[in-house]
Amino acid sequence: MTGHLVAGLVAGYGIAVPVGAVATYLVALTARTSLRVGASAALGVATADGLYALVATVAGAAAARVVTPAVGPLRLLSAAVLVFLALRAARAAVVRYRDPGEAAAPRAEHPPTPARAYVTFLGITLLNPMTVVYFAALVVGTGTGAEPDRLGQAVFTGAAFAASASWQLLLAGGGALLGRALTGRRGRLVTALTSSAVITALAAHLLAGA
């Protein structure tokens, strides 16, 4: 079981630590809402990673062969969703900046509920099929899924989820600290526009890869 546990932790951190568009959006969302919303979003990302880890351990290379043909279209869809979210966040930031009343009470913008944040980030992360390809390649390469060891598969999946969750929650905590540090009108505007620009650039990178 120790081997499955270590392999799951390494796999989970391996897919979670590289900061991409979703991670950037997670930090930005937490900065302008609350740690509770950000933590829910973080768990949505980790749930998607855990689901893909489960699929990979159960189906192995077969899952990768099924998912790989859809990588291109799903990348396009993922990039489109991220660009939409980035533009919406930038527009909301500009509106708050131009309206002193909105800037004085930024929470009045009807931020997403924790449940909505969870579902949104679960969906965004599930649109990245490279996650299951990554896990499948790792499972096949290390032999973790070579035998139908259900307990080992469960340990591997749980460890991957725990690793991803711990990293995503760390990002959410950083976003909460950033939000408290930049509470002024100009600071919140600059933060929102910068994060939107970064998300758009990363989404463009996804489009280029597709």
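- Screening T125, V119, L126 for a side-chain contact (heavy atoms from CB on, under 4.5 Å) involving L122 leaves a single residue, L126.
- In this structure, CG in L26 is found 6.0 Å from CD in Q168, a value given to the nearest 0.5 Å.
- In the hydrophobic clustering of ILVMFWY residues, with side-chain heavy atoms under 4.5 Å counting as a link, L170 and L35 come out apart.
- Between A172 and T30 the shortest heavy-atom distance is O-CG2, 3.1 Å.
- Not counting sequence neighbours, the partners of V94 by the side-chain contact (heavy atoms from CB on, under 4.5 Å) test are R98, L189, L193.
- At least one side-chain heavy atom of V6 sits under 4.5 Å from a side-chain heavy atom of V10.
- Remark: the backbone N or O of A160 is not paired with any side-chain donor or acceptor of S164 at under 3.5 angstrom.
- With a 4.5 Å cut-off on side-chain heavy atoms, Q153 and L54 do not count as touching.
- With rounding to the nearest 0.5 Å, the separation of CG in L51 from OG1 in T157 is 9.0 Å.
- Residues that satisfy the side chain to side chain donor-acceptor pair (under 3.5 Å) test with S166, not counting sequence neighbours, are Y13.
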Verdict with reasoning, T113 to V37, per side chain to side chain contact (heavy atoms under 4.5 Å, CB included): CA-CA 6 Å; T113 63; V37 172; over 6 Å; no

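- Taking each heavy atom of F121 and L29 in turn, the nearest pair found is CE1-CD2, 3.5 Å.
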From CA spacing to verdict: side chain to side chain contact (heavy atoms under 4.5 Å, CB included), Y118, T47: CA-CA 9 Å; Y118 175 87; T47 300; 2.9 Å; yes

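- To the nearest 0.5 angstrom, L43 atom CG is 5.5 Å from F161 atom CZ.
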